[in-house]
Amino acid sequence: MTEDRLIDKIIDVSLRRGFICPTAEIYGGAGGFYDYGPLGTLLKQKIIDYWRQNFVLDTDNIFEVSGSLLMPESVFQASGHLDAFDDPLTQCSVCNSMFRTDQLINDAANISAEGLSIEEQDKLIQEHNVKCPKCNEDLSKSRNFNLMFKTEIGPSGGYAGYLRPETAQNIFINFKRLTAFMRNKLPFGIAQTGFSFRNEISPRNFIIRLRQFEQMEIEMFFDPDDKEVSSPFEIAEDLKINFVTHEMQEKGWEKPLSLSLQEVKQQNLVPNDYLLYFFALETEMLIDFGVKQEDFWFRHMLPHETPHYSGGNFDLEVNLSVGHKEIIGNAYRRDYDLKKHSKASNSSFTIAYSDGRKVLPHVVEPSLGVDRILYTVLEKCYREDDRGWSWFQFPSIIAPLEVAVLPLMKKDGLANLAYEVHRELKNSGYISFYDESGKIGKRYARADEIGIPYCITIDYESLKDSSMTIRDRDSMKQIRIPLEDLDITLGELMDSEVEFEEYEQ
RNA sequence: GCGCUAAUAGUCUAGUGGCUAUGACUUCGGCCUUCCAAGUCGACGACCCGGGUUCAAUUCCCGGUUGGCGCACCA
């Protein structure tokens, strides 16, 4: 058991306790698709709620929208996804290795095959006698592999549609409506959460690489001449973040730099201050979710890792048991998307100032992977002892179930009173769970395993004076409080306004 | 997508060309029980899918699906 990899333990408890399971499992499943069960859904909802509150609602100039998952081909023609996601692949006839045709041509003949048709590319392979780089044998005819899911809209069949490969495009194509709503004033942000789809060649690692995944994104539009954030966006200059520069990657690095946002700014490590604004929110979010700061960093992506139009991409990477994984991408997309859609749709996306100056906004995009963040939380909150028992040390703010109400025993009216308390907690808005089966110790363990932070126990003293105990998951200690204080005390504990130890006397 | 490998209750696992396919834990019900999974009685629950060989396939063969590892891919 202890030899198991951490991810296997996470999968095991996910299946057993209703967090996550494979989609269509009884029919053999489908690679890259997972369903969220009761606890997984609650946990995911809490993650999204946190993002909505802290990234969107707490800021004046950011609003959330909700766009279609399926959109017509013209959108992706304009966005570039149809070309960029459509890779011609060729295969060696002997060793069966797969290669991207355009890259082979580029490597072997030093010709850019970008934009050429698949037939033209195969012709170039023949003309230049390009062979398999591994075993020098003949290559098969190329075939296209498109990472987007295609379907048809309507009954006639002539109107192609695609599932969106990122949430962002909804926002760019609605830009005129959105600027009107924002009364043509920069800066502003448009947020969106929802599913995106990519037909990945090889999904791996549970919910780390999925074919259907959920994103939380903001497109932050600003005047490119105005690199510093303006009100109401303020930067927590003293906040320290972990950062990996281009230079460090060239030399080889072991530990990221710990820099204050002010230092990052002074050293010109990022192209604009909006990135810093989101670095701060992302760092605070992960810490609030129970991830230690030493376990994640922002890495300035190398030029070959970013699209040509990027003004700089900064991945938030986490040190997970399955390797260093990107769970958040911060992309400075400049005006690439607006420019493309403006041209393709023949509409103007510029914003005019009163002095007559016109500007096409630039955009910074913090793109948060919900599933990857959720997996990170599961892994970083997972605890086990030498008996092999495990539990999740979820911070209250994301615990799927917030409180369990347990009668010490079922008999003597303890169960009835406990159930009443449970109903009252539900009425007060807590996500409360009632459990009366078996023994009290077993029920504590069951509650711990799924990370319930507090258990309310109803005992014989409760029958006399309506008092009850609150048990803290992490210390296993208990305090006794009167019924009338339960709501407030629990609320203070959940909000971390008061530490559990302070209630002990 | 390629190569290697695996697939038996919710989880982990034993085993077999042939009666009714092990065991543990979990779950549910009962008894016991005045605070941290270990007492007791009982119950539910499985051979990944399709084809082939065979009198008979969970077992052997072929194909597929899914997972793991490696390669490739990841604008």
Side-chain angles (χ1 to χ4, degrees), chain A residues 1 4-5 7-9 11-18 21-34 37 76 79-87 89-100 102-103 114 132-134 140 143 145-148 165-166 198-206 208-211 301 304-310 313 322 325-326 329 331 333 336 385 387-391 406-412 414 437-449 455-463 468-469 471-473 475-478 480:
Chain A
M1 189 70 186
D4 280 358
R5 300 177 317 154
I7 189 171
D8 291 326
K9 296 177 184 179
I11 293 172
D12 181 73
V13 70
S14 293
L15 293 170
R16 280 190 297 104
R17 299 305 308 269
C21 68
T23 296
E25 196 179 7
I26 61 167
Y27 295 112
F33 294 92
Y34 283 88
F76 304 109
S79 71
H81 285 98
L82 217 50
D83 296 330
F85 267 31
D86 204 14
D87 295 330
L89 297 177
T90 183
Q91 193 168 17
C92 173
S93 54
V94 175
C95 72
N96 284 330
S97 300
M98 307 274 300
F99 305 97
R100 275 184 53 177
D102 56 340
Q103 283 181 356
E114 212 180 313
C132 171
K134 278 188 181 168
S140 74
R143 56 199 169 79
F145 184 78
N146 196 303
L147 256 51
M148 282 195 295
E166 59 175 6
R198 293 179 195 179
N199 198 7
E200 298 285 353
I201 294 173
S202 178
R204 286 282 161 96
N205 289 332
F206 196 38
I208 294 288
R209 181 172 315 168
L210 294 168
R211 290 190 167 122
M301 305 295 283
H304 72 266
E305 296 175 304
T306 47
H308 62 278
Y309 55 80
S310 169
N313 281 24
V322 289
K325 295 292 176 190
E326 171 208 357
R333 295 169 76 135
Y336 174 81
D385 61 18
R387 293 167 297 189
W389 299 349
S390 76
W391 68 99
L406 317 170
L408 186 59
M409 280 179 291
K410 224 187 281 188
K411 59 184 185 183
D412 300 331
L414 291 171
S437 79
K439 294 179 187 173
I440 187 73
K442 180 69 168 287
R443 282 178 265 145
Y444 286 142
R446 249 195 308 236
D448 289 346
E449 190 183 30
C455 289
I456 311 297
T457 309
I458 305 298
D459 57 17
Y460 284 91
E461 243 177 289
S462 313
L463 292 176
M468 58 201 65
T469 62
R471 169 191 179 271
D472 176 52
R473 175 197 60 208
S475 64
M476 300 204 307
K477 286 181 178 162
Q478 287 173 298
R480 180 167 289 276

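By convention in this document, chain letters (A, B, ...) are assigned in the order of the sequence lines, proteins followed by strands, and residues within each chain are numbered from 1.
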**Message:** Among A/K442, A/R473, A/R443, A/R471, which residue satisfies the salt bridge (charged side-chain N to carboxylate O under 4.0 Å, His left out) criterion with A/D448?
**Reply:**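 With A/D448 as partner, salt bridge (charged side-chain N to carboxylate O under 4.0 Å, His left out) holds for just one option, A/R471.
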**Message:** At less than 3.5 Å, do the side-chain atoms of A/R204 and the base atoms of B/G70 form a donor-acceptor pair?
**Reply:**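 Yes, the side chain and the base share a sub-3.5 Å donor-acceptor pair.
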**Prompt:** Does the B/C74 base have a donor-acceptor partner in the side chain of A/R198 within less than 3.5 Å?
**Reply:**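 Side chain to base: no pair present.
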**Request:** Side-chain contact test, heavy atoms from C-beta onward, threshold under 4.5 Å: evaluate it for A/D459 versus A/R480 and give yes or no.
**Result:**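 Heavy-atom side-chain distance check passes, below 4.5 Å.
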**Request:** Please tell me if the side chains of A/K325 and A/N205 come closer than 4.5 Å, counting only heavy atoms from C-beta onward.
**Result:**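 Yes, at least one pair of side-chain atoms sits under 4.5 Å.
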**Item:** Parallel, tilted or perpendicular: rings of A/Y34 and A/F206 (30°, 60°)
**Value:**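 The rings of A/F206 and A/Y34 stand perpendicular, inter-plane angle above 60°.
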Check the distance between [N]'s [atom2] and [X]'s [atom1] and give it to me in whole angstrom.
X      : N     : atom1 : atom2 : result
A/M148 : B/C73 : CE    : C1'   : 17 Å
A/E25  : B/A46 : CD    : P     : 15 Å
A/N205 : B/C73 : CG    : P     : 17 Å
A/I26  : B/U66 : CD1   : P     : 16 Å
A/L15  : B/G67 : CG    : C1'   : 11 Å
A/F33  : B/G67 : CZ    : P     : 11 Å
A/I11  : B/C12 : CD1   : P     : 10 Å
A/R209 : B/A72 : CZ    : P     : 13 Å

Between [M] and [N] - [atom1] atom distance, rounded Å:
N     : M     : atom1 : result
B/G51 : B/A57 : C1'   : 13 Å
B/A46 : B/C12 : C1'   : 13 Å
B/C61 : B/A43 : P     : 38 Å
B/C73 : B/U11 : C1'   : 34 Å
B/A6  : B/A14 : P     : 14 Å
B/A7  : B/G15 : P     : 11 Å
B/G29 : B/U58 : C1'   : 32 Å
B/C48 : B/G10 : P     : 12 Å

Complement of [N], any strand, by Watson-Crick or G-U distances under 3.5 angstrom:
N     : answer
B/C19 : none
B/C28 : B/G42
B/G70 : B/C2
B/A7  : B/U65
B/C47 : none
B/A57 : none

**Prompt:** Does A/D385 reach the main-chain N or O of A/G388 with its side chain, forming a donor-acceptor pair under 3.5 Å?
**Reply:**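 Side chain of A/D385 to backbone of A/G388, a donor-acceptor pair under 3.5 Å: yes, one is there.
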**Request:** Give, for atom CD1 of A/I440 and atom CE of A/M409, the distance between the pair rounded to the nearest 0.5 Å.
**Result:**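 If we round to the nearest 0.5 Å, A/I440:CD1 and A/M409:CE are 9.5 Å apart.
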**Request:** Starting at CG of A/D412, measure out to CD1 of A/I458 and round the result to the nearest 0.5 Å.
**Result:**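 A/D412 CG to A/I458 CD1: 14.0 Å, rounded to 0.5 Å.
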**Message:** Any base atoms under 4.0 Å from A/E166, or only sugar-phosphate, or nothing? Heavy atoms, all strands.
**Reply:**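 Base, at least one base atom sits under 4.0 Å.
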**Request:** Please work out if A/N313 contacts a base, only the sugar-phosphate, or nothing of the nucleic acid, heavy-atom cut-off 4.0 Å.
**Result:**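 No contact.
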**Request:** Answer with yes or no whether the side chains of A/R446 and A/S437 bring together a donor and an acceptor at under 3.5 Å.
**Result:**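 Per modelled atom types, A/S437 and A/R446 side chains form a pair under 3.5 Å.
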**Asked** Closest approach of A/R211 and A/E200, non-hydrogen atoms and distance?
**Response**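 Shortest heavy-atom contact: NH2-O, 2.7 Å.
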**Request:** Between protein and nucleotides 26-38 of chain B, map the contacts as a letter string: B base, S sugar-phosphate only, - none, heavy atoms under 4.0 Å, written 5' to 3'.
**Result:** SSS-S--BBBBB-
**Request:** Between A/R333 and A/V322, name the one whose nearest nucleotide on RNA chain B is closer to the 5' end.
**Result:**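 The residue whose closest nucleotide sits nearer the 5' end is A/V322.
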